Undergrad: 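Take a look at this one; I'll ask things after.
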Amino acid sequence: MSLAKLRTHYTTQINPDEVGEEKVTLAGWVHEVRDLGGICFVVLRDREGRSQVTLVKKKTDKELLDHARKLIRESVVSITGSVKPEPKAPNGYEIIPDEITVLNEAESPLPMDTTGKVDAELDTRLDSRFMDLRRPKTLAVFKIRHEVLKAVRTFLTNEGFIESSSPKVVATATEGGTSLFPITYFDREAFLNQSPQLFKQILMSGGMDRVFEIGPIFRAEEHDTRRHLNEATSIDIEASFADHFDVMEILENMVSFVYSHVMENAVPSLETLGVELTVPKTPFLRLTYKEAIDIVNAHGEEELKWGDDLSTLSEHTIGKHVFDKTGESHYFIIDWPTEIKPFYAMPYEDKWEISKSFDMMHRTMELSSGAQRIHNHDLLKGRIESQGLDPYGFDFYLRAFRYGMPPHAGWGIGCERLVMTMLGVENIRDVVLFPRDRKRLSP
RNA sequence: GUUCGGAUAGUGUAGUGGCCUAUCAUGGAGCCCUGUCGAGGCUCCGACUCGGGUUCGAAUCCCGGUCCGAACGCCA
């Protein structure tokens with residue numbers, strides 16, 4: 001038996017002019033019951049919106065009315081009835097029910113309010129994410145996230161990129177730097193991968209030419225901030241016969257496309273959140289690392305010397321400076337010291353202490369980093385050694401450079417940070433369904 | 001990890017030594033109510049994070065634990 005008859009329409013699909021005498025069936029959750037005595041309103045909520053079901057005492061079967069009055073909030077129901085145009089009703093119509101079927105009754109009290117009358121803290125909401133998602137504001141974030149990823153796929157596909165997937169279980173702690181989560185792989189030790197970096201480069205040797213991947217990355221860092229996760233979603237690309245400037249152009253155009261796409265395709269969700277977007281103007285400002293630290297030093301709150309990484313404060317200082325000057329939130333920092341970038345970043349041929357690397361920033365935080373990569377085997381091996389890593393563990397990677405590796409470049413951008421900066425969300429956990437952080441492993 | 005702050009009904013809050021058998025909202029139970037859309041009115045229900053201490057008296061002060069938040073650090 002199919003359950004398709006439990007629903008003929010979403011609440012937003014009902015147009016009283018088109019439906020006419022036809023009966024409709026809605027399925028969803030009991031959002032509210034307002035019993036005024038002689039008239040009773042039941043608000044049914046589904047993924048797309050809400051519909052008002054109206055029962056007038058004089059005109060309604062007593063048993064049905066009593067049933068409706070006793071509905072418990074957030075129970076799952078299927079309601080069949082006729083559609084009546086009614087200017088006094090929300091959306092200009094209401095449902096006059098013939099039948100109300102409770103498919104699963106909710107317990108009471110609820111772990112949190114879904115109507116927007118009483119706030120709940122993030123921790124409470126995450127503990128009861130199933131209930132939190134019934135709040136239109138929470139759902140809207142994830143509908144927008146879907147549109148972001150859809151736009152990324154469309155854009156990159158149109159740019160000639162092939163979607164690929166790399167393993168998340170890897171043998172060695174490859175890149176040094178960040179800590180990895182160790183796991184047991186049958187009788188061996190393995191790790192959860194921190195980035196698809198090495199694999200997407202291998203694909204360049206394989207001749208795939210342009211690849212992208214959207215997938216999870218794992219970082220075992222004990223950071224504890226509003227913008228860090230231990231499991232995040234990375235959007236990564238790698239392109240052959242391209243330098244860092246070529247892929248920066250792809251990146252800024254993609255970000256701008258994503259914003260336009262969301263503005264066109266997520267209007268109700270943006271309205272629900274009260275967010276008004278403007279498309280970032282391309283090309284983004286390109287600051288050199290030198291200019292960036294000069295801005296920080298001129299500002300006087302801290303003193304950076306060449307070779308230092310940017311602190312959180314300095315990121316904000318530079319971001320504010322750029323925003324005040326250009327009115328734009330996004331910008332690049334280019335030409336980083338080779339030493340503070342990963343081993344695979346290509347140094348400038350005529351100036352080895354500077355690399356063909358970049359970070360793409362939002363005025364509030366780093367969104368992306370990328371570079372032209374070293375494609376020469378011996379140079380790469382030397383860089384691995386000079387960063388204190390053991391080239392032995394990189395055999396599977398280095399081999400790909402010995403038999404015809406094209407010059408290539410790429411970047412990775414954090415999906416959650418892209419979404420949170422777009423929507424002005426303060427805590428990254430708000431844009432992940434089930435965040436994994438220092439403190440949270442469940443649900 | 002460091003520093004600072006916090007924990008009161010299901011949820012969100014007020015309450016800085018006695019006036020607290022603890023405030024308000026939301027919620028739940030019940031009654032009234034024919035146009036609600038955060039419906040309204042009335043009645044009732046429901047809580048001081050845990051352990052120790054100070055005090056005649058502790059939600060309130062002190063010590064410790066647990067959990068949470070913020071900033072910073074860490075983060076190719």
Side-chain angles (χ1 to χ4, degrees), chain A residues 31-43 50-60 65 69-70 72-74 84 86-92 94 106-128 131-132 135 173-180 193-198 201 217-230 232 234 236 302 309-316 336 338-345 355 357 359 365-366 368-371 373 383-384 387 389 410-412 414 426-427 429 437-440:
Chain A
H31 188 69
E32 277 183 300
V33 180
R34 272 194 287 271
D35 182 5
L36 277 67
I39 189 167
C40 177
F41 303 105
V42 175
V43 179
R50 290 178 227 164
S51 280
Q52 175 167 287
V53 178
T54 303
L55 301 93
V56 177
K57 191 176 181 182
K58 280 186 196 161
K59 303 181 190 164
T60 309
L65 179 64
R69 281 174 167 162
K70 278 187 246 155
I72 292 173
R73 289 164 68 233
E74 295 303 326
K84 181 185 160 205
E86 172 55 69
K88 278 181 280 187
N91 309 322
E94 58 194 12
E107 284 180 29
S108 182
L110 300 168
M112 56 177 283
D113 168 61
T114 57
T115 61
K117 287 178 201 163
V118 185
D119 289 337
E121 290 186 355
L122 180 59
D123 207 47
T124 304
R125 292 168 42 216
L126 292 176
D127 282 340
S128 301
M131 189 64 65
D132 183 39
R135 299 166 66 234
T174 45
E175 291 177 51
T178 197
S179 315
L180 303 192
N193 208 181
Q194 69 184 86
S195 141
Q197 181 61 30
L198 306 186
Q201 286 191 262
I217 56 170
F218 302 90
R219 311 252 162 128
E221 295 295 336
E222 301 202 358
H223 35 47
D224 192 6
T225 77
R226 297 181 305 171
R227 56 185 189 284
H228 285 94
L229 292 166
N230 294 290
S234 181
D236 267 84
E302 56 185 330
D309 213 334
L310 301 180
S311 64
T312 307
L313 176 62
S314 53
E315 283 181 2
H316 294 164
W336 288 75
T338 306
E339 277 315 302
I340 57 172
K341 281 291 169 187
F343 62 78
Y344 44 77
S355 61
S357 56
D359 281 3
M365 71 187 81
E366 177 187 333
S368 168
S369 66
R373 326 294 193 184
R383 290 290 301 137
I384 289 171
Q387 292 218 349
L389 299 165
W411 43 252
E426 302 250 303
N427 195 314
R429 294 159 184 81
D437 62 38
R438 184 81 191 83
K439 288 165 180 165
R440 184 174 287 276

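Remember, it's a predicted structure, so these values are computed and weren't measured experimentally. Chain letters run A, B, ... following the sequence lines, proteins first and then strands; every chain starts at 1. Values below: all heavy atoms of this structure, side chains included; hydrogens, waters and symmetry mates excluded.
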Undergrad: Establish whether the base of rG35(B) is bridged to the side chain of E94(A) by a donor-acceptor pair shorter than 3.5 Å.
TA: yes

Undergrad: Got a sec, which residues hit ring-ring contact (aromatic ring centres under 6.0 Å, His included) with W336(A), two or more places apart in sequence or on another chain?
TA: Y289(A)

Undergrad: If you find the nucleotide of RNA chain B closest to I39(A) and the one closest to N427(A), which residue's nucleotide is nearer the 5' end?
TA: I39(A)

Undergrad: Provide, to the nearest angstrom, the distance between the CG atom belonging to N91(A) and the P atom belonging to rU36(B).
TA: 16 Å

Undergrad: Which is true for T115(A) with a 4.0 Å heavy-atom rule: it touches a base, it touches only sugar-phosphate, or it touches nothing?
TA: nothing

Undergrad: Which one is paired to rC74(B), where only Watson-Crick or G-U wobble pairs with both distances under 3.5 angstrom count?
TA: none

Undergrad: If I take atom CD in residue E315(A) and atom C1' in nucleotide rA71(B), what distance separates them, rounded to the nearest angstrom?
TA: 14 Å

Undergrad: I'd like to know if the side chain of N91(A) and the backbone of R50(A) have a donor-acceptor N/O pair within less than 3.5 Å.
TA: yes

Undergrad: Sort out the partner of rA9(B) for me: Watson-Crick or G-U wobble, both distances under 3.5 Å, none otherwise.
TA: none

Undergrad: rG73(B), OP1 or OP2 - any side-chain N/O from T312(A) closer than 4.0 Å?
TA: yes

Undergrad: Base, sugar-phosphate alone, or nothing: which one does A89(A) contact when heavy atoms must sit under 4.0 Å apart?
TA: base

Undergrad: Identify which nucleotide among rC37(B), rC75(B), rU26(B) has an atom closest to any side-chain atom of P90(A), counting heavy atoms from C-beta outward.
TA: rC37(B)

Undergrad: Nearest to the side chain of R226(A), heavy atoms from C-beta on, is which of rG35(B), rG1(B), rA71(B)?
TA: rA71(B)

Undergrad: Send over the distance from E86(A) CD to rC37(B) P, rounded to a whole Å.
TA: 15 Å

Undergrad: With rounding to the nearest 0.5 angstrom, report the OG1 to CZ distance, T338(A) to R383(A).
TA: 6.0 Å

Undergrad: Please confirm whether the backbone N or O of F41(A) pairs with a side-chain atom of T54(A), one donor and one acceptor, at under 3.5 Å?
TA: no

Undergrad: rG38(B) and rU26(B): how far apart are their C1' atoms, nearest whole angstrom?
TA: 10 Å

Undergrad: Considering only atom P, compute the distance from rU3(B) to rG65(B) and round it to an integer number of Å.
TA: 13 Å

Undergrad: Would you check, one step at a time, whether the test side-chain hydrogen bond (donor to acceptor under 3.5 Å, both in side chains) holds for E302(A) with S311(A)?
TA: CA-CA 9 Å; E302(A) 56 185 330; S311(A) 64; 3.0 Å; yes

Undergrad: The side chain of K84(A) is closest to which nucleotide in this list: rU34(B), rG35(B), rG38(B)?
TA: rG35(B)

Undergrad: Which whole number of Å gives the distance between the P atom of rC68(B) and that of rC62(B)?
TA: 23 Å

Undergrad: In the structure shown, which nucleotide is the Watson-Crick or G-U wobble counterpart of rC4(B), with both distances under 3.5 Å?
TA: rG69(B)

Undergrad: Respond yes when some side-chain nitrogen or oxygen of R73(A) is under 4.0 Å from OP1 or OP2 of rG27(B), and no when none is.
TA: no

Undergrad: Could you please name the partner base of rU55(B), counting Watson-Crick and G-U wobble pairs only when both distances are under 3.5 Å?
TA: none

Undergrad: Under 3.5 Å, which N/O atoms of the protein pair with N/O atoms of nucleotides 9-13 of chain B?
TA:
{"residue": "rG10(B)", "atom": "O2'", "partner": "L110(A)", "partner atom": "O", "Å": "3.1"}
{"residue": "rG10(B)", "atom": "O2'", "partner": "P111(A)", "partner atom": "O", "Å": "3.4"}
{"residue": "rU11(B)", "atom": "O2'", "partner": "D119(A)", "partner atom": "O", "Å": "2.9"}
{"residue": "rG12(B)", "atom": "OP1", "partner": "E121(A)", "partner atom": "N", "Å": "3.0"}
{"residue": "rG12(B)", "atom": "OP1", "partner": "T124(A)", "partner atom": "OG1", "Å": "2.8"}
{"residue": "rG12(B)", "atom": "O4'", "partner": "D119(A)", "partner atom": "O", "Å": "3.0"}

Undergrad: Describe the nucleic acid contact of D35(A) in one word from base, sugar-phosphate, nothing, applying a heavy-atom distance below 4.0 Å.
TA: base

Undergrad: Who does rG38(B) pair with, Watson-Crick or G-U, both distances under 3.5 Å?
TA: none

Undergrad: What is the base-pairing partner of rC33(B), counting Watson-Crick and G-U wobble geometry with both distances under 3.5 Å?
TA: none

Undergrad: For G410(A), is there any backbone N or O sitting under 3.5 Å from a side-chain donor or acceptor partner on R373(A)?
TA: yes

Undergrad: Determine the contact category for S311(A): base if any of its heavy atoms lies under 4.0 Å from a base atom, sugar-phosphate if only primed atoms, P, OP1 or OP2 are that close, otherwise nothing.
TA: sugar-phosphate

Undergrad: Do any N or O atoms from the side chain of Q194(A) and from the backbone of A220(A) form a donor-acceptor pair under 3.5 angstrom?
TA: no

Undergrad: Mind checking the C1' distance from rC24(B) to rC67(B)? Whole angstroms is fine.
TA: 26 Å

Undergrad: Both distances below 3.5 Å, Watson-Crick or wobble geometry, any strand: find the nucleotide opposite rU60(B).
TA: none

Undergrad: With a 4.0 Å cut-off, would you call R135(A) and D113(A) a salt bridge?
TA: no

Undergrad: According to the Watson-Crick and G-U wobble definitions, with both distances under 3.5 Å, which nucleotide is paired to rA47(B)?
TA: none

Undergrad: What interatomic distance, in whole Å, is found between P of rC48(B) and the corresponding atom of rU36(B)?
TA: 40 Å

Undergrad: Expressed in whole Å, how much space separates the P atoms belonging to rG46(B) and rG5(B)?
TA: 36 Å

Undergrad: Roughly how many Å is it from CG in D127(A) to C1' in rA7(B), rounded to a whole number?
TA: 15 Å

Undergrad: Check R429(A) with D123(A), please: is the shortest side-chain N to carboxylate O separation under 4.0 Å?
TA: no

Undergrad: In whole Å, I'd like the distance from the CD atom of E221(A) to the C1' atom of rC75(B).
TA: 5 Å

Undergrad: Let me know, please, whether R429(A) or D236(A) comes out on the 5' side of the other along RNA chain B by nearest nucleotide.
TA: R429(A)

Undergrad: Just call it for K57(A): base, sugar-phosphate, or nothing, with non-hydrogen atoms closer than 4.0 Å on any strand.
TA: nothing

Undergrad: Give the rounded distance in Å between these two atoms: NE2 of H228(A) and P of rG73(B).
TA: 10 Å

Undergrad: Does a side-chain N or O from K439(A) land closer than 4.0 Å to OP1 or OP2 of rG69(B), or not?
TA: yes

Undergrad: Give the nucleotide from the list rC74(B), rG35(B), rC33(B) with an atom nearest to the side chain of T54(A).
TA: rG35(B)

Undergrad: Less than 3.5 Å apart, any donor N or O on the side chain of E74(A) or T114(A) sitting next to an acceptor on the other?
TA: yes

Undergrad: So, does E221(A) use its side chain to make a donor-acceptor pair with the main chain of N230(A) at under 3.5 Å?
TA: no

Undergrad: Please report, rounded to the nearest Å, how far the P atom of rC33(B) is from the CZ atom of F41(A).
TA: 16 Å

Undergrad: If I take atom CG in residue D123(A) and atom P in nucleotide rU49(B), what distance separates them, rounded to the nearest angstrom?
TA: 16 Å

Undergrad: How far, in whole Å, is rA59(B) from rG52(B) if one measures between their P atoms?
TA: 15 Å

Undergrad: Using the P atom as the point on both nucleotides, what is the distance between rU16(B) and rG53(B), in whole Å?
TA: 26 Å

